[in-house]
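Here the structure is laid out as structure tokens; the discussion comes afterwards.
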Amino acid sequence: MQGKKHYQEKLFTSFQLSNHVPEDNFYRRLKEVLPMQWIYKATKKYYGHEGQRSIDPVVFFKLILIGYLENLCSDRRIISTAQMRLDMLLFIGYDIDEQLPWHSTLSRTRQLYGEDVFRELFKKVLSLCIDKGMVSGKRQAIDSVFVQANASMESLQKKAILNDADTYAEELEVKTENDDNKPEDKAIVKDAEDKKPYGNGNAWRKNMRNNLVSSTTDEDARVSVKPGKTRRLNYLAQVSVDTEDHVITHIQSDFADKKDSQCMPSQLNHTINNLSEHGLTVEEVLADGNYSSSEALRTLEEHNIIGYIPNFGHYKPLREGFEYDKQKDCYTCMAGKELPFTRHKESHGNGNLMKQYISNPKDCAACPLKEKCIGKGKFKTIAVTTAKELFDKMHKRLQMPQATKMKKLRSSTIEPVLGTLVNYLGMRRVNTKGIILAGKCMIMAAIAYNVKKLLRFAAKKLLSGSEIIQGVVNSVLILAKVFIAKIRWYFFKSCIGIQK
Ligand code: SF4
């Protein structure tokens, strides 16, 4: 018989939310695992004693976390999604008939709280992972990823024009104080607007260097591009990941025009601090060639950390045809002439400080090897980094078989983490403006990642426990079956024996 469901809405009903959310539900388990009561104390300084009641700080952090866990990059969508999901309502502590906070409250509260509160929450989650034995701290893989800023390329203006516009605005203010709305004031504004680069062709875009242009909607966003991708306004996320169970141990935001090697010392110090709070020591750091710089190598040396970072460019420890004399601090060329140390110069490629050794032009002019050595040049220059010893040490280490293993380990550790953050945890684009807020977004995405890891790890452990029990039960059943089969066989044989 065909069934038909008739729906008659009830006016009064008895409903308990926890009865409708399974015990193994992700948000239900997260609610039990995540300690959040400390947030009240940490955020107390942001509120006065009078006025309207604010959003509950714990509810705020839970809603923001839901946004990253569900890859929702709009505050409006976070609220509408949470309002419809029973498990999320249980997680944030709201009943089905309660109205959730207004979406703009999330944006205002995100701006209100300092980065320290977000970072503290990150550390709490990290400590839960450490307590579970998911982090060894010994080996850290580091890398960076561009995160799209909340600004369009159309918002770019030439910096000089902006300065002009500021001057015009100042002039306007002075004029307005003296005489309101004079026709010439409007003409000045129009003149400034006409100087904007829009509509004057795209020639200026070819020269879009960050020292020449800036976004009018987000001044901290920087124009950057990855090979094969389109030019965009971005921020840079620097991420450290423990190789043991791929838990994020530190994340920080930087300007997208900053080099990885420039960010590394601060990134390394923060990672070391986060782990040392739990008595863990970083022994090895794995990174790609973009992190190679004399400053980065010195930082590793200071902390007694073994690095696996390919030297920048095609590094050669020895100069063919030139011999170095450490005592005299000079090179001797194939013709037996000395190239003394002349000056320090900063390298354009990676900002390393270089020592330059320059030959005497008179020696080179009379040299029979001139053509082969310097071609049509007048003298020979040898540029050597000031941290040559450290680069040589790294070069030697990277020739070992262990280095190949570390290279593979780095890629298999950090790249899936960055991919997950960008594609599934809301870090493709920030929905805020300014580098400080971008940093808060990145921290929350990292918290969401670690929380997922933590709960999956706990579930895995639970599963392996149940698997053991299941295995024991299966073995007992098999033994029992064998035993019964043997009894039947003996019984059958004895029956045949009786018949005979
Ligand atoms: S060209 Fe100058 S640097 Fe080169 S071998 Fe001759 S003297 Fe030496």
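Just so you know, ligand 1 is whichever comes first in the structure, and atom 1 is the first atom listed for that ligand.
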**Prompt:** Got Gln140 and Leu286 here, is their nearest side-chain heavy-atom distance under 4.5 Å?
**Reply:** no
**Request:** Answer yes when Lys123 and Glu277 have at least one side-chain N-carboxylate O distance shorter than 4.0 Å, and no when they do not.
**Result:** yes
**Item:** Contacting atoms of ligand 1, where contact means under 4.0 angstrom from a heavy atom of Lys380
**Value:** 3 (S)
**Prompt:** Which residue supplies the protein heavy atom nearest to atom 6 (Fe) of ligand 1, what is that atom called, and how far is it?
**Reply:** Cys367 SG, 2.4 Å
**Request:** Report the nearest protein non-hydrogen atom to atom 2 (Fe) of ligand 1: residue, atom name, distance rounded to 0.1 Å.
**Result:** Cys364 SG, 2.4 Å
**Message:** Quick check: Phe61 with Tyr113 (ring centres under 6.0 Å apart)?
**Reply:** yes
**Request:** Specify whether an N/O/S atom of Cys333 falls short of 2.8 Å from atom 6 (Fe) of ligand 1.
**Result:** no
**Request:** Give the numbers and elements of all ligand 1 atoms closer than 4.0 Å to a heavy atom of Cys373.
**Result:** 1 (S), 3 (S), 4 (Fe), 5 (S)
**Prompt:** His270 vs His250 aromatic rings, parallel, tilted or perpendicular, using cut-offs 30° and 60°?
**Reply:** parallel
**Prompt:** Strictly by modelled atom types, are Ser224 and Asn234 linked by a side-chain donor-acceptor pair under 3.5 Å?
**Reply:** yes
